[in-house]
Colleague: 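Quick one: this structure, given as structure tokens, is what I'll be asking you about.
When a ligand or atom number is given, it counts from 1 through the structure's own listing order. The structure presented is a predicted model; accordingly, all values stated were derived computationally and were not measured.
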Amino acid sequence: MKNYHLINNGKAMSTLDSFKVFNPSTSELIAEAPKATLDELNTIIQSARDAFPQWSSLAYSERQNYINKIADVLEQNSEEIATIITKEQGKPIGATLGSMFEIGGAVAWTRYTATLEMPVKILQEDENGRVELHRRPLGVVASITPWNWPVLIAIWHIIPALLSGNTVVCKPSPYTPLSTLRMIELMNSVLPKGVINSVTGGDELGAALSNHSDINKIVFTGSTATGKKVMSSAADTLKHLTLELGGNDAGIVLPDCDPEAIAPGLFWGAFINNGQTCAAMKRLYVHRSIYDQVCESLTNFAKNIKVGDGFEEGAELGPVQNKMQFDIVNRLVTQSVEQGGKVLLGGPLDNPKDLFFPITLVAIEDNQNPLVQNEQFGPALPIIPYDTVEEAIAMANDNDAGLGGSVWSTDKAKASSVAARMECGSVWINKHGAVQPNSPFGGTKSSGLGVEFGEEGLLANTNIQCILS
Ligand code: NAD
């Protein structure tokens with residue numbers, strides 16, 4: 001079994017205690033991960049603090065060069081990292097949207113972010129004076145990540161924070177710590193010491209980071225319930241926050257669509273990473289005139305998708321990553337059927353023996369059904385008919401979450417007018433969940449605070465300083 005270490009101040013750091021990490025496909029023990037104490041966490045935060053003055057005073061272009069070096073080293077080691085992701089997270093290594101795709105996305109995101117500039121803005125220059133708007137780094141940024149896209153989400157946090165001059169402490173989910181530990185070890189082979197550090201252990205480390213007086217910002221991706229805890233414990237030290245929280249994205253199919261043509265896009269919009277994606281489509285509203293055909297096309301498409309161990313030839317989807325999430329999915333599907341849902345494919349399991357949940361489609365009339373109203377974060381999609389577009393928009397917006405949404409139509413102008421009325425941060429047309437590094441992404445309502453990606457995401461790691469002369 002390979003040894004994994006924390007990285008503190010550029011060097012491997014051992015801990016006395018450890019915790020077990022399992023492969024969700026086989027239940028096998030993969031590794032013991034380091035379990036840091038609060039004292040060890042303090043040491044790591046101090047390293048990040050000590051590295052800050054030098055890192056933040058580098059020229060911006062020097063940090064851009066370092067970020068490109070990170071992209072290179074991750075690319076050179078992408079197979080190794082993808083293998084770790086598949087072992088600990090479950091997504092298949094060779095699938096179109098599997099772990100090689102995740103590391104490929106991480107490299108592409110890193111390279112794109114390195115191209116962003118942060119120029120000084122001149123707000124005034126005339127006979128009355130000159131006003132310059134500068135962006136200054138915050139200090140130490142703590143990144144707290146979930147278990148669904150462990151490497152990609154960590155990259156979304158780490159790269160803009162580093163580029164804008166901050167140093168970082170990254171805490172991955174205890175379910176999937178290994179790929180992050182290895183990635184940060186690799187980053188340290190090309191960065192000055194102390195600039196990016198890792199810490200693994202239990203949830204208590206996240207809580208400790210959130211109220212630590214030497215952390216200036218928390219960028220958190222995870223559930224809405226935990227995000228609220230982070231926000232409240234960050235209050236005492238007035239930390240900057242970016243909170244990327246749970247979603248319950250709606251897709252609206254307008255009556256002009258060709259059901260067979262849109263079936264693959266609808267399927268992957270909902271089932272990417274087995275539905276364990278914040279901005280996956282989690283509710284699908286279809287006009288009644290084409291409802292049966294859409295249900296049938298989607299069912300036919302879904303039947304041919306292979307679910308299996310991520311190292312099995314042809315597997316496109318893996319297991320649910322952990323038992324807690326598996327039970328949530330199974331409970332919501334069970335309740336949806338008890339409350340009138342009709343299973344089109346898959347369905348609830350009586351005595352599950354492993355973490356493989358069947359691809360499940362449920363036809364549902366009632367928008368208050370539990371599978372519609374709650375985030376399932378797994379491979380089960382409710383499909384709800386509607387009669388008027390007004391009704392579809394009202395049902396889509398009748399939820400606390402507001403991360404993403406989508407509209408499906410051959411009429412782009414019509415789709416855009418529906419998109420404008422959806423209460424969420426990103427709306428896709430004829431696709432779903434296709435985040436990209438130049439398009440700021442974040443939630444409205446209970447789905448979060450602030451955005452990542454693009455210039456706006458980069459600037460979220462800075463303070464404004466104006467110099468007036
Ligand atoms: P989670 O909230 O249980 O855990 C996320 C992280 O928070 C983990 O690292 C965990 O150790 C840490 N944590 C736990 N308690 C903490 C505390 N009190 N203070 C600080 N940190 C703490 O979420 P999860 O189950 O790992 O991830 C699934 C959820 O994440 C889903 O709701 C999903 O929608 C959401 N998510 C959102 C986005 C987005 O961009 N909006 C992306 C991916 C996942």
Colleague: If we set the cut-off at 4.0 Å for heavy atoms, which region of Ile144 has an atom near ligand 1: side chain, backbone, both, or neither?
Modeller: side chain
Colleague: Can you check whether Pro172 reaches Pro150 side chain to side chain, under 4.5 Å on heavy atoms?
Modeller: no
Colleague: Under a 4.0 Å heavy-atom limit, does Lys229 contact ligand 1 with its side chain, its backbone, both, or neither?
Modeller: side chain
Colleague: Side chains of Glu88 and Ser179, heavy atoms from C-beta outward: is any pair under 4.5 Å?
Modeller: yes
Colleague: Using a strict 4.0 Å cut-off to heavy atoms of Phe441, name the atoms of ligand 1 that fall inside it.
Modeller: 40 (O)
Colleague: Among Asn148, Leu152, Val230, Thr226, which residue places a heavy atom closest to atom 43 (C) of ligand 1?
Modeller: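 Checking each option, the heavy atom nearest atom 43 (C) of ligand 1 is found in Asn148.
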Colleague: Would you mind listing which atoms of ligand 1 come within a distance below 4.0 Å of any non-hydrogen atom of Leu403?
Modeller: 41 (N)
Colleague: Suppose I only count heavy atoms of Gly247 and a 4.0 Å limit; which atoms of ligand 1 are within that range?
Modeller: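 Here the atoms of ligand 1 in question are 34 (O).
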Colleague: Who gets closest to atom 34 (O) of ligand 1 by heavy atom: Glu375, Gln321, Glu452?
Modeller: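 Answer by nearest heavy atom: Glu375.
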Colleague: Does Pro174 approach ligand 1 within less than 4.0 angstrom via side chain, backbone, both or neither, non-hydrogen atoms only?
Modeller: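 Only the side chain of Pro174 comes within reach of ligand 1.
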Colleague: Which of the numbered atoms in ligand 1 are below 4.0 angstrom from a heavy atom of Gly246?
Modeller: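 With Gly246 as reference, the close atoms of ligand 1 come out as 32 (O), 34 (O).
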Colleague: Using a 4.0 Å heavy-atom cut-off, say whether Pro146 meets ligand 1 through its side chain, its backbone, both or neither.
Modeller: both
Colleague: Nearest heavy atom to atom 9 (O) of ligand 1: which of Thr145, Thr176, Thr221 does it belong to?
Modeller: Thr145
Colleague: Any idea which atoms of ligand 1 are less than 4.0 Å away from a heavy-atom of Gly206?
Modeller: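 Answer for ligand 1: 19 (N), 20 (C), 21 (N).
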Colleague: At a 4.0 Å threshold, what atoms of ligand 1 neighbour a non-hydrogen atom of Leu245?
Modeller: 37 (C), 38 (C), 39 (C), 41 (N)
